[in-house]
Amino acid sequence: MARRVSRRATFGPAFIAPYVIFLLLFGLVPAAYGVYNAFIVTPVVGDTYYSLTKNFEDVLGDYRLPSATANVAMYLAIWLPLLLIVVFGIALLIDSKRSRFAGFTRFIVYVPGAVTGSAAALLWLFMFSPTVSPISNLLKPLAGSNGLIISNQTLPFVLAVMGIAAGAGGWVVLLLGALSAIPKELIDAARVDAASTWQIIWHVKLPLLRRYAAFILIVSLANGFQVFVEPQVLGAGSIGQISSTWSVNQLVYAYASEEANFGRASALSVVLLAVTVVAAIIVIKKTNFYRVEGH
Amino acid sequence: MIRRTLSRAGRNMLLAGICLFFGVPLVWLFLAPTKTDGALRAEPPLSFGSWGNIPQAWENLLSFNDGQIVTWLGNSLWYSTASVLIAVLISVPAGYGLAKFHFAGRKAVLFLTLVTMVVPAAAMILPLYLELSAVGLTNTPWAVILPLGFYPFGVYLVYLFATTSIPDSIIEAARIDGASELRIFTTIFLPLSRPSTIMVAFFAFVTCWNAFFLPFIMLTDPAQATIQTGLNLMVRNTNALSGANLTGLIIHEPEVALAALVSISPILVIFLFAQRYLVAGQTLGAEKG
């Protein structure tokens, strides 16, 4: 018996060793190195030196940070509530009667998830371009004096629409899975008690889905907070319309590339990383979505 | 009865509206390359141009840097394949080891796996850049391949599969029969865990193919770009979408739409033909509790 235990104790680490090396090299080491770099100050003139606070002070005092933060906050404030409403609305609508048409809708909602990365940003650049958009007649009154819609100010709305078009499908599928797991007897019992469809949604289905709302919110918040690709590509497609430091992560990139100031870039990305790690730990510890035995 | 018909009609109208919002942009994207630049502006947005325009638009795309778009597609394919191989080779034994063995530090590795899995990729890009530039790997394909080969979600998938679908008794029985641990892994676990291995490969591929920020910051040479970052480069350099393309290249909206379609084609194929797998993955991370 003791021998078997020792055998298990040595082979386990052997199986996970390559993974642990990768976990260290591309997870923990860069994070630690980022923190270390955040304390190295590169002045315009003179030698680099160490300071616990200088880079953080400089970054927090940067005039571009408040506008980038406000942009991202505005985007999250529009996108997150809208996402929840759309995702729950569509899932409950499809679930209320699983007809053929409902199944088809589920498919149509899911497919745009395949349009990702650069292609997604370009597609929505087209959709919001008054000259070629399928809804150009609706858009024309909204266009600025230069005939364009996408600008620093409208970007939060554009990103919110994009985020919903691409991201809603996956969440709808997740919710539909949860909804079909609700015992049929529960719904039938409510029907027998003369509950209306609305009452069943409000008093039976929604309370059972509360955890999912929290999960979708935190995961989306952590991702939205880091937004980079979309404003970058939309900016490439409409030059001069979108600031190159529109989002906080773009500011990180500007520090690193245009200004070659890795200390400041690290300081800001360490702050962003800390926020998302906290969000991640909340998701894991509080929502019970990720099963690991013993939790 | 009338009320029921009305509510059914209302319901179907809502569903139709949803289909329009999610469907029309995609339909537009498929139709755009069939039209010329002029036709795209003049004709109704959801009209069909001609099949002949698609090869023409592709021809025009090839005018950018001597057909560099083909290089980008090739790069994307090779980086993604290499990353997926690494991810699978590492994740499958790791998931098995975490699920079927008890050893010191196991809990910590599991917890770190969950944390690195939930933290968005964008949060780690700059730290990764600093690390890899310190060892001189930036501007080499490895700067993209290796970080993407670290795929904690894959480990989690295999771990879940091994704990829920492979009973300990099978492994114990093999041990009593005197099979070595390596043999148990290769002849018992690997064949049984095939579905989860395919799923890891599959999700890793989607993640690698779509990666933008990582190649964007790691690779500055256009000849090393992936299709994702290359598209961004092409649109920026030709100013194709701002009306004033002064480069003389015939790259306008239809060409960009075609390039976008080409860039998502592998993912689109996966979405259309392997929906079952994707849906299974979506619900795996969130078991009902």
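Below, each value reflects all heavy atoms present in this structure, side chains not excepted, and no hydrogens, waters or symmetry copies. All of these numbers come straight from a predicted model, not from anything done at the bench. Naming: A, B, ... by sequence-line order, numbering from 1 per chain.
Considering only heavy-atom pairs separated by less than 4.5 Å from chain A, the leading option among Gly97(B), Ala260(B), Pro120(B) is Pro120(B). Of the listed residues Ala120(A), Ser96(A), Ala165(A), the one with more heavy-atom pairs under 4.5 angstrom with chain B than any other is Ala165(A). With chain B as partner, the option from Val86(A), Leu28(A), Val132(A), Leu25(A) having the largest number of non-hydrogen pairs under 4.5 angstrom is Val132(A). Between chain B and the residues Ala168(A), Ala119(A), Ala14(A), the largest count of heavy-atom pairs under 4.5 Å involves Ala119(A). Among Pro18(A), Ala256(A), Gly113(A), Ala121(A), the residue making the largest number of heavy-atom pairs under 4.5 Å with chain B is Gly113(A). The residue among Val233(A), Val275(A), Val270(A) with the most heavy atom pairs within less than 4.5 Å of chain B is Val233(A). Across Val256(B), Leu233(B), Val24(B), the residue that shares the most heavy-atom pairs under 4.5 angstrom with chain A is Val256(B). When the candidates Ala123(B), Ala259(B), Ala211(B) are compared by the number of heavy-atom contacts under 4.5 Å with chain A, Ala123(B) comes out ahead.
Residues forming a side-chain contact (heavy atoms from CB on, under 4.5 Å) with Ala32(B) (at least two apart in sequence, or on another chain): Trp28(B), Leu40(B), Ala257(B). For Ser269(A), the side chain to side chain donor-acceptor pair (under 3.5 Å) criterion is met by no residue, not counting sequence neighbours.
For a residue to count as touching a neighbouring chain, one of its non-hydrogen atoms must lie under 4.5 Å from one of that chain's; by this rule Leu176(A) does not touch chain B. Looking at Val235(B), the atoms closer than 4.5 Å to chain A (heavy atoms on both sides) sit in the backbone and in the side chain alike. No part of Pro266(B) comes within reach of chain A, as not one of its non-hydrogen atoms sits under 4.5 angstrom from that chain. With a 4.5 Å cut-off on non-hydrogen atoms, Leu23(A) touches chain B through its backbone and its side chain both. Of the atoms belonging to Leu89(B), not a single heavy atom falls under 4.5 Å from chain A. With a 4.5 angstrom heavy-atom cutoff, Ser129(A) does not touch chain B via any of its atoms. With a 4.5 angstrom heavy-atom cutoff, Gln241(A) does not touch chain B via any of its atoms. Of the two parts of Leu130(B), the backbone and the side chain both hold a non-hydrogen atom closer than 4.5 Å to a non-hydrogen atom of chain A. Proximity to chain A is limited to the side chain of Val155(B), based on heavy atoms less than 4.5 angstrom apart. If you measure heavy-atom distances from Val35(A) to chain B, you find no contacts under 4.5 Å at all. Within the 4.5 angstrom heavy-atom criterion, no atom of Ile218(A) approaches chain B. Of the atoms belonging to Val109(A), heavy atoms from both backbone and side chain fall under 4.5 Å from chain B. In this structure, chain A has heavy atoms under 4.5 Å from both the backbone and the side chain of Ala16(B). Both the backbone and the side chain of Leu93(A) have a heavy atom closer than 4.5 Å to some heavy atom of chain B. Leu146(B) touches chain A through backbone and side chain together, each having a heavy atom under 4.5 Å away.
Under the 4.5 Å side-chain criterion, counting only non-hydrogen atoms from C-beta, Phe103(B) is in contact with Ile16(A). When side chains are defined from C-beta on, Phe21(B) counts as touching Val161(A), because their heavy atoms get closer than 4.5 Å. With a 4.5 Å cut-off on side-chain heavy atoms, Leu126(B) and Ser266(A) count as touching. Under the 4.5 Å side-chain criterion, counting only non-hydrogen atoms from C-beta, Leu24(A) is not in contact with Phe150(B). Side chains of Phe22(B) and Ile90(A) form a contact here, defined as non-hydrogen atoms less than 4.5 Å apart.
Of the inter-residue distances, the one linking Leu20(B) atom CG with Ile108(A) atom CD1 reads 10.0 Å to the nearest 0.5 angstrom. To the nearest 0.5 Å, atoms CE (Met124(B)) and OG1 (Thr276(A)) are separated by 9.5 Å. We find the CZ-CD1 distance between Phe111(B) and Ile284(A) to be 5.5 Å, quoted to the nearest 0.5 Å. Distance CZ/Phe216(B) to OG/Ser257(A): 7.5 Å, rounded to 0.5 Å.
By the 30° and 60° cut-offs, the orientation of the rings of Phe213(B) relative to Tyr253(A) is perpendicular.
Here the options are Val118(B), Thr116(B), Val115(B), the test is side-chain contact (heavy atoms from CB on, under 4.5 Å), and the partner is Val277(A); only Val115(B) passes.
At least one donor-acceptor pair under 3.5 Å links the side chain of Arg11(B) to the backbone N or O of Lys97(A).
Every pair passing side chain to side chain donor-acceptor pair (under 3.5 Å) that includes a residue from residues 12-38 of chain A is listed here, sequence neighbours excluded: Tyr19(A)-Thr113(B), Tyr36(A)-Tyr50(A).
Within residues 219-226 of chain A, the residues approaching chain B closer than 4.5 Å by heavy atoms are, in numerical order, Ala222(A), Asn223(A), Gln226(A).
Aromatic ring centres of Phe185(B) and Phe11(A) lie farther apart than the 6.0 Å criterion allows.
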